[in-house]
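Okay, so here's the structure we're looking at.
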Amino acid sequence: IALYFLTRKKPPAGAKRPPCDGMGDPNMDGWVIQADIDLTEQFVLGTVIPSDEQFRRADVNGDGMVNMGDVIRMERYLAGLDSTFPVCGA
């Protein structure tokens, strides 16, 4: 048990846990952080091609696409304006 506490990483500043099933965490580090938003923007711009799992995690509004609507939802979640994502249900 002591080893667990010694090796457990602290969350990045401003990090939030994904509200459901890894949603909002396309970099798959266990946290929703600015890096996830930046990565999703790169998906939208086409500068990075997401894996199937990254795509699933970035599509937080559940419309089957990764677009700026997802980026805005992630920003709102990280800022504390929304408590979950549409894909997670109410």
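Only this structure's heavy atoms are used, side chains among them; waters, hydrogens and symmetry mates stay out. Here the structure is a predicted model, which means the values were calculated and not measured. Counting from 1, the numbers follow the sequence of the chain as shown.
Not one N or O on the side chain of Asp82 forms a donor-acceptor pair closer than 3.5 Å with the backbone of Arg73. Proximity of a side-chain donor or acceptor of Asn67 to a complementary backbone N or O of Gly69 within less than 3.5 Å is detected.
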Evaluation steps, side-chain contact (heavy atoms from CB on, under 4.5 Å), between Met74 and Leu78: CA-CA 6 Å; Met74 292 168 75; Leu78 202 55; over 6 Å; no
Decide salt bridge (Lys or Arg N to Asp or Glu O under 4.0 Å) for Asp21 and Arg56; before the verdict, give the C-alpha distance in whole Å, the side-chain angles of both, and the deciding distance to 0.1 Å. CA-CA 10 Å; Asp21 200 24; Arg56 184 190 70 78; 3.0 Å; yes
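Atom CG of Asp70 sits about 15.0 Å away from atom OH of Tyr77, to the nearest 0.5 Å. Note: Glu53 CD to Met28 CE = 6.0 Å, rounded to the nearest 0.5 Å.
Judged as a side-chain contact (heavy atoms from CB on, under 4.5 Å), and not counting sequence neighbours, the contacts of Arg17 are Trp31. Not counting sequence neighbours, the partners of Asn27 by the side-chain contact (heavy atoms from CB on, under 4.5 Å) test are Asp25, Asp29, Ile33, Ala35, Asp36, Leu39. Residues meeting the side-chain contact (heavy atoms from CB on, under 4.5 Å) test with Val87, sequence neighbours left out: Met23, Phe85.
The residue from Val71, Val60, Asp59 that alone fulfils the side chain to side chain contact (heavy atoms under 4.5 Å, CB included) condition with Val66 is Asp59. Among Ile37, Thr40, Val48, the one residue that satisfies the side chain to side chain contact (heavy atoms under 4.5 Å, CB included) test with Pro26 is Thr40.
Here the shortest heavy-atom pairing between Ser83 and Pro19 reads O-CB, 4.2 Å. Thr84 approaches Cys88 most closely through the heavy-atom pair OG1-CB, 3.2 Å.
Asp38 and Gln42 share no side-chain donor-acceptor pair at under 3.5 Å.
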